[in-house]
Number of protein chains: 2
Amino acid sequence: MSLPEVNEVLERLCNLLRMETRAFALKYGLQPVQMEALTYLTQCNRYSDTPQAVGEYLGLTKGTVSQSLKILEQKGLLRKQTDKQDKRIVHLSPTVKGKNLIKHTSADKTLTPSLAKANSKKISELNSVLRSTLIEMQKANQRKAFAACHTCRFNEKNEKGSVCGLTHESLSVQDVQLICREHEYPS
Amino acid sequence: MSLPEVNEVLERLCNLLRMETRAFALKYGLQPVQMEALTYLTQCNRYSDTPQAVGEYLGLTKGTVSQSLKILEQKGLLRKQTDKQDKRIVHLSPTVKGKNLIKHTSADKTLTPSLAKANSKKISELNSVLRSTLIEMQKANQRKAFAACHTCRFNEKNEKGSVCGLTHESLSVQDVQLICREHEYPS
DNA sequence: AATTATAGTATCGAATCAATACAATTATTA
DNA sequence: TAATAATTGTATTGATTCGATACTATAATT
């Protein structure tokens, strides 16, 4: 039975990934958490760009996240904007400088070249197994999925494109590729 | 091409694993790093149970590790013992209390049950792809393998069992299953 | 015997993180 | 409508992480 083995390899791989992320972030003058928060904010949609959402995504309390965001703002990588309707809510948007930084970093990730040595059939199998494991694990630990709208059960397709069943707002082709904090898989 | 997708899923899975590890360690009154160090020390061999090795394994400097070990010792989860031959070296061994804690924790890991939903053929494929990815990545980043003796190029089998080609000491059946900091894969 | 290398510890400062308390705004309900 | 509760975010405190630097003790080399 190789189940415990996979568990072990996966944990080891995660450790390694974390080490490299730390070294990597440091190279760009950021802390790992800051890098992760900024990356998330370049990938999430307009319902999910708040301090609260960042905290849920990273598994941290809002107080903790608040400080990291403050530093990102001070470094000019992030802009804060209070919501027009609900003045409690703050929207976070990466500046051009912030976006460029993330663009650079995702270019030289160390994981991809190592993965690329496997053949493409194995890659796609790996993809499906890992994805279902991720979903199972999120369910088991009552974490939100934080996936893109096009796989969401609230997403409705019509002749013009897509509509979110929660907000009843129409979504563009780009929109449905973004991460949403309200995402739920079809049951 | 699903390569970037796998990359993304794997990163997401690692994030999730880290969240759970944090929550998990906290439940047992430990910090994540402390838990990881203690886990490593229950799995490593007698050449690899030093502060230095723990640092290499976790990708941290020895100064950083020294503090975490100090806390583990204060909590009675760890014992320090200076080497008989080389008095600079300190050997770290988990106490009974420490071993029990790790035994409990590895019992209710959240990853395993989620993985178990995949069929066993996929599991073993997953195992091999992830393992080679791990090895590739360790090579690319010049990290040590930290794997078990039985896959090491220095390990020599004889009629009595195994011998380490570096230390020329004989290794028991249990020994060759333990993690070694000097481990190198055959080329 | 002197120098150099190695293993580990101690200390400092910036940052993480949880916990708590708090302010501002919105939603609920009496 | 007014009082209460819930939600979003910030500020503060204290334990811990982590890298950097300096230091001690021991071993290896020259």
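Naming convention: chains lettered A, B, ... in sequence-line order (proteins, then strands); numbering from 1 in each chain.
Across the protein-nucleic acid pair, A:Asp83 atom CG and D:dT7 atom C1' stand 13 Å apart, rounded to whole Å. In this entry the distance linking NZ of B:Lys80 with P of D:dA25 reads 16 Å, nearest Å. Distance A:Leu60 CG to D:dT17 P: 16 Å, rounded to the nearest Å. Rounded to an integer number of Å, the gap from B:Leu92 CG to C:dA7 P is 14 Å. Distance A:Lys70 NZ to C:dC17 C1': 15 Å, rounded to the nearest Å. Rounded to whole angstrom, the span from the CD atom of A:Gln67 across to the C1' atom of C:dT20 amounts to 13 Å. Per the geometry, CG belonging to A:Leu58 stands 11 Å off P belonging to C:dA18, to the nearest Å. Between A:Tyr47 atom OH and D:dT7 atom P there is a gap of 21 Å when expressed in whole angstrom units.
Of the charged side-chain nitrogens involved, none lies within less than 4.0 Å of a carboxylate oxygen, so that A:Glu56 and A:Arg143 do not count as a salt-bridged pair. Using a 4.0 Å cut-off between charged side-chain N and carboxylate O, B:Lys80 and B:Glu73 make a salt bridge. Using a 4.0 Å cut-off between charged side-chain N and carboxylate O, A:Lys27 and A:Glu20 make no salt bridge.
Between A:Thr61 and C:dA18 there is a side-chain N or O to OP1 or OP2 distance below 4.0 Å. Proximity of B:Gln34 to the phosphate of D:dT17: a side-chain N or O atom is located under 4.0 Å from OP1 or OP2. A sub-4.0 Å separation between OP1 or OP2 of C:dA15 and a side-chain N or O of A:Gln31 is absent. Contact annotation: A:Ser68 side-chain N/O to C:dT16 OP1/OP2 distance is under 4.0 Å.
If you check D:dC18, D:dG9, C:dG8 against the side chain of A:Gln52, the one that comes closest is D:dG9.
Closest approach of A:Lys144 to A:Arg181, counting heavy atoms only: CD-O, 3.2 Å.
No hydrogens or angles considered: nothing links the side chains of A:Ser162 and A:His150 as a donor-acceptor pair under 3.5 Å.
If you find the closest nucleotide of DNA chain C to B:Arg22 and to B:Leu69, the one lying nearer the 5' end belongs to B:Leu69. Positionally, the nearest nucleotide of DNA chain C for B:Pro51 lies more toward the 5' end than for the other of B:Pro51 and B:Arg18.
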Sequence-aligned protein contact record of nucleotides 22-28 of chain C, with B where the base is within under 4.0 Å of a protein heavy atom and S where only the sugar-phosphate is = ---BS--
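In this structure, A:Leu26 reaches neither bases nor backbone, as no heavy-atom distance under 4.0 Å exists between it and the strands shown.
Counting atom types as modelled, B:Ser66 pairs no side-chain N or O with a base atom of C:dG8 as donor and acceptor under 3.5 Å.
Rounding to the nearest 0.5 angstrom, the gap separating the CG atom in A:Leu134 from the OG atom in B:Ser114 is 9.5 Å.
Both cation-pi conditions hold for B:Arg12 and A:Tyr57: the charged atom is under 6.0 angstrom from the six-membered ring centre and inside a 45 degree cone around its axis.
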